[in-house]
Chemist: 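My structure is below; once you've seen it, I'll send some questions.
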Amino acid sequence: MTKPTLPQGTRDFGPAVVRKRSYILQTIRTVFELYGFQPLETPAMENLETLMGKYGEEGDKLIFKILNNGLDNKDKEAQIRTDFEKVLEGKNVKGITERALKYDLTIPFARYVAMNHAQLSFPFKRYQVQPVWRADRPQKGRYREFYQCDADVVGSRSLLNETELALIYHEVFNRLGLTGYDLRINHRQVLAALSEVCGGAGQLTNITVAIAKLDKIGIEKVKEELSARGLTTDQVSIIEQYLGIKGSNEEILSGLEKIVGHTEAGKTGIDEMRTVLEQLKDQQLNIQTDPTLARGLNYYTGLIFEAKAPATVSIGSIGGGGRYDDLTGLFGVKDIPGVGISFGVDRIYDVLEELQLFPKDLQISTRVLFFNLGAAESKKAFELAQLLRAKGISAELYHEATKFDKQFKYAEKKNIPYVIIIGEKELQNNNCNIKNLLTGIQETVRNTALIQFPFK
RNA sequence: GUGGUUAUAGCUCAGUUGGUUAGAGCAUCAGAUUGUGGUUCUGAGGGUCGCCGGUUCGAGCCCGGUUAGCCACCCCA
């Protein structure tokens, strides 16, 4: 017998952890529902070609592929050998692998919309809470299997959607007690305009990758990287100017206007951000425009979001999203624009843990433990436990008659707030002793009055 | 995917230049206590030193490989 282990980057979730995770998930689901989103689930696996090419070159490498069954079929051996040669060259071949684990929830959603657009009524607002898989190297806050919680609206170009999604972030983080969250926005068109001003749309990726690192490596290193990626001194100096924009949201937008406001794309981007900020004006969100924000996924075309944990926690991004104008176009259905956001539950968990923001009573499941003091006593206890259960109060009867010490310790470990003791005396008198383990207060109650007792 | 680092009891960790039988605290179990827990006291169980191989008379310690955690890069939730 070898010791069992878990695959790299995966985890088991024990009872206490599951409770905390579902507290987060329930909070998010509730807010999604509050804003009119409807649930959707899609399979763990998709056809490989549904996923390939949707997440950029790096993303493709991180997709978990599933080996086909039946590769040992002798009749097909020759074909399988030639196919496998292609795999060794880094190609994907249907004969070897045609399915993959889903990498995010957005592309499967786009696939769903493309397949069902004739039946759906638009705008279609859906939320989805499911695990996704990435063949990334694990670190703290980075796993190979993790949950995403997405909300997307498709079939509407209205910026009201962006506004409401920002409010959802605000509402969820506030409900979780994460009031110090940091929500940033930027616009793909502004980034596109910047690269246009800097000598051609071909530079977009080079520029966004470099400026996204500003926080981490500083302006000098960013300039070095831009030069290394082939930008001229003039172009680098425009970007330096762009990165130097600071101040309030309005100050940042005016700053952007000076650099990219004369371009069509730049104007659109700035106007849209301004509209959304205007709509949010009275809502007290911690929202700020951040010209360095550049989300990696290459399907975003409009406003983009990123939610970060409070600065005191070293976890970084806990959510992100943005507008994509033609996601279903990838699957042959044109003109269905969309916008969506995502919450990273696993990271939010780590943040709440670090800041000790989980409610204390999450771990209370059983409210009442009946002590077991013998055959006749436990028969009565069982009867009363059934009464409480029928009233919706979760109750347990200790599984065997043993000394008090053990039964108390069981209650303590399971965080059970009340124990009920029925012994020989109580059995005769038709009453029972209810002890509150938190306060230590014990009182005697008639059995007929037990169901009225407030087990708070 | 690249580089670095760590792995000893259920948990947190000691373990000397390689040397007989690998230790502590907490936790667990039993007793002091036959109807009232959290404190205290006494005792007990528990380890193929992540795994595989090598060097050596001898390896927890040295070397190689492998698996997993962590860190940086890349990227990302």
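Letters A, B, ... are given to chains in the order of the sequence lines, protein chains preceding strands, and every chain is numbered from 1. Note that the structure is a prediction, hence the values are computed from the model and not measured.
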Chemist: Go through A:Glu426 and A:Lys380 one step at a time and tell me if the salt bridge (charged side-chain N to carboxylate O under 4.0 Å, His left out) criterion holds.
Modeler: CA-CA 10 Å; A:Glu426 290 80 8; A:Lys380 180 50 103 182; over 6 Å; no
Chemist: Give me the distance, rounded to whole Å, that separates B:rC52 from B:rG19 when you measure between the P atoms they each carry.
Modeler: 22 Å
Chemist: Determine the contact category for A:Tyr147: base if any of its heavy atoms lies under 4.0 Å from a base atom, sugar-phosphate if only primed atoms, P, OP1 or OP2 are that close, otherwise nothing.
Modeler: nothing
Chemist: Once you apply a heavy-atom cut-off of 4.0 Å, does A:Gly423 come out as touching a base, just sugar-phosphate, or nothing?
Modeler: base
Chemist: Closer than 3.5 angstrom, by distance alone: can the side chain of A:Lys102 be matched with the main-chain N or O of A:Thr42 as a donor-acceptor pair?
Modeler: yes
Chemist: Looking at B:rC76, B:rU36, B:rG35, which one has an atom nearest to any side-chain atom of A:Arg134?
Modeler: B:rC76
Chemist: What's A:Ile348 touching, base or sugar-phosphate or nothing? Going by heavy atoms closer than 4.0 Å.
Modeler: nothing
Chemist: Kindly say whether, by distance alone, the side chain of A:Gln407 makes a donor-acceptor pair under 3.5 Å with the base of B:rG35?
Modeler: no
Chemist: Please give, in whole Å, the distance from B:rG37 C1' to A:Asp405 CG?
Modeler: 6 Å
Chemist: State plainly whether the residues A:Arg184 and A:Asp290 are in salt-bridge range, i.e. N to O under 4.0 Å.
Modeler: yes
Chemist: How would you label the contact of A:Val345 with the nucleic acid (heavy atoms, under 4.0 Å): base, sugar-phosphate, or nothing?
Modeler: nothing
Chemist: Could you let me know what B:rC73 is paired to, Watson-Crick or G-U wobble, both distances under 3.5 Å, or none if it's on its own?
Modeler: B:rG1
Chemist: Kindly confirm whether the side-chain ring of A:Phe404 is stacked on the base of B:rG37, judged by centres under 5.5 Å and planes under 30°.
Modeler: no
Chemist: Quick one: on RNA chain B, does A:Lys213 or A:Thr439 contact a more 5' nucleotide (nearest heavy atom)?
Modeler: A:Thr439
Chemist: Rounded to whole angstrom units, what separation is found between the CG atom of A:Asn372 and the C1' atom of B:rU36?
Modeler: 16 Å
Chemist: Classify A:Glu377 by what it touches in the nucleic acid, base, sugar-phosphate, or nothing, heavy-atom distance under 4.0 Å.
Modeler: nothing
Chemist: Tell whether A:Arg137 reaches the base of B:rG3 with its side chain through a donor-acceptor pair below 3.5 angstrom.
Modeler: yes
Chemist: Can you check the distance between B:rG60 and B:rU2, where both ends of the measurement are the P atom (answer in whole Å)?
Modeler: 32 Å
Chemist: Heavy atoms only, 4.0 Å cut-off, all strands: where does A:Lys61 land among base, sugar-phosphate and nothing?
Modeler: nothing
Chemist: Using OP1 and OP2 only, check whether a side-chain N or O of A:Lys413 sits under 4.0 Å from B:rU28.
Modeler: yes
Chemist: Once you round it to whole Å, what is the distance between P of B:rG35 and CG of A:Leu373?
Modeler: 8 Å
Chemist: I'd like the C1' distance from B:rG47 over to B:rG54, given in whole Å.
Modeler: 24 Å
Chemist: Checking all strands, does A:Gly9 fall into the base, sugar-phosphate, or nothing category for heavy-atom contacts under 4.0 angstrom?
Modeler: sugar-phosphate
Chemist: Please find out if less than 6.0 Å separates the ring center of A:Tyr55 from that of A:Tyr103.
Modeler: yes
Chemist: In whole angstrom, give me the gap between the P atoms of B:rC70 and B:rU33.
Modeler: 49 Å
Chemist: Mind checking the C1' distance from B:rG53 to B:rA44? Whole angstroms is fine.
Modeler: 38 Å
Chemist: With rounding to whole Å, what would you report as the distance between B:rU66 and B:rC57 at their P atoms?
Modeler: 28 Å
Chemist: May I ask you to establish whether A:Arg126 and A:Phe109 are in a cation-pi arrangement, using a distance under 6.0 Å from NZ or CZ to the six-membered ring centre and at most 45° from the ring axis?
Modeler: yes
Chemist: What contact category does A:Ser342 fall into here, base, sugar-phosphate, or nothing, at under 4.0 angstrom with non-hydrogen atoms?
Modeler: nothing
Chemist: Looking only at atom types and distance, does a side-chain atom of A:Thr366 sit under 3.5 Å from a main-chain N or O of A:Val368, one as donor and one as acceptor?
Modeler: no
Chemist: Between B:rA77, B:rG37, B:rG35, which nucleotide gets closest to the side-chain atoms of A:Arg347?
Modeler: B:rA77
Chemist: Within the 3.5 Å criterion, strictly below it, is a donor on A:Asn161 or A:Ser156 matched to an acceptor on the partner's side chain?
Modeler: yes
Chemist: Taking the C1' atom of each, how far is B:rU12 from B:rG58, in whole Å?
Modeler: 31 Å
Chemist: Nearest-Å distance, CD (A:Glu443) to C1' (B:rU36)?
Modeler: 16 Å
Chemist: Could you tell me how far apart A:Ile24 (CD1) and B:rA77 (P) are, to the nearest whole angstrom?
Modeler: 17 Å
Chemist: Does A:Gln8 get its side chain close enough to the base of B:rU67, under 3.5 Å, for a donor-acceptor pair?
Modeler: no
Chemist: Between A:Phe343 and A:Lys403, name the one whose nearest nucleotide on RNA chain B is closer to the 5' end.
Modeler: A:Lys403
Chemist: Could you tell me the Watson-Crick or G-U partner of B:rG43, where both distances fall under 3.5 Å? Say none if there is no partner.
Modeler: B:rC29
Chemist: For atom P, what is the distance between B:rG45 and B:rA30, given to the nearest Å?
Modeler: 15 Å
Chemist: Does the side chain to side chain contact (heavy atoms under 4.5 Å, CB included) test come out yes or no for A:Phe64 and A:Arg134, once each step is laid out?
Modeler: CA-CA 6 Å; A:Phe64 264 107; A:Arg134 295 187 187 177; 5.6 Å; no
Chemist: Among the nucleotides B:rG69, B:rC76, B:rC75, which one has an atom lying closest to any side-chain atom of A:Leu62?
Modeler: B:rC75
Chemist: Does a side-chain N or O from A:Lys140 land closer than 4.0 Å to OP1 or OP2 of B:rA77, or not?
Modeler: no
Chemist: Calculate the interatomic distance between A:Tyr410 atom OH and B:rU28 atom C1'; express it in whole Å.
Modeler: 17 Å
Chemist: Please check the phosphate of B:rA72 (OP1 and OP2 only) for any side-chain N or O of A:Gln139 closer than 4.0 Å.
Modeler: yes
Chemist: So what does A:Gly141 hit on the nucleic acid, given a heavy-atom distance under 4.0 Å: a base, only sugar-phosphate, or nothing?
Modeler: base
Chemist: Please give, in whole Å, the distance from B:rG35 C1' to A:Lys406 NZ?
Modeler: 17 Å
Chemist: Tell me the interatomic distance from A:Ile420, atom CD1, to B:rU36, atom C1', rounded to whole angstroms.
Modeler: 15 Å
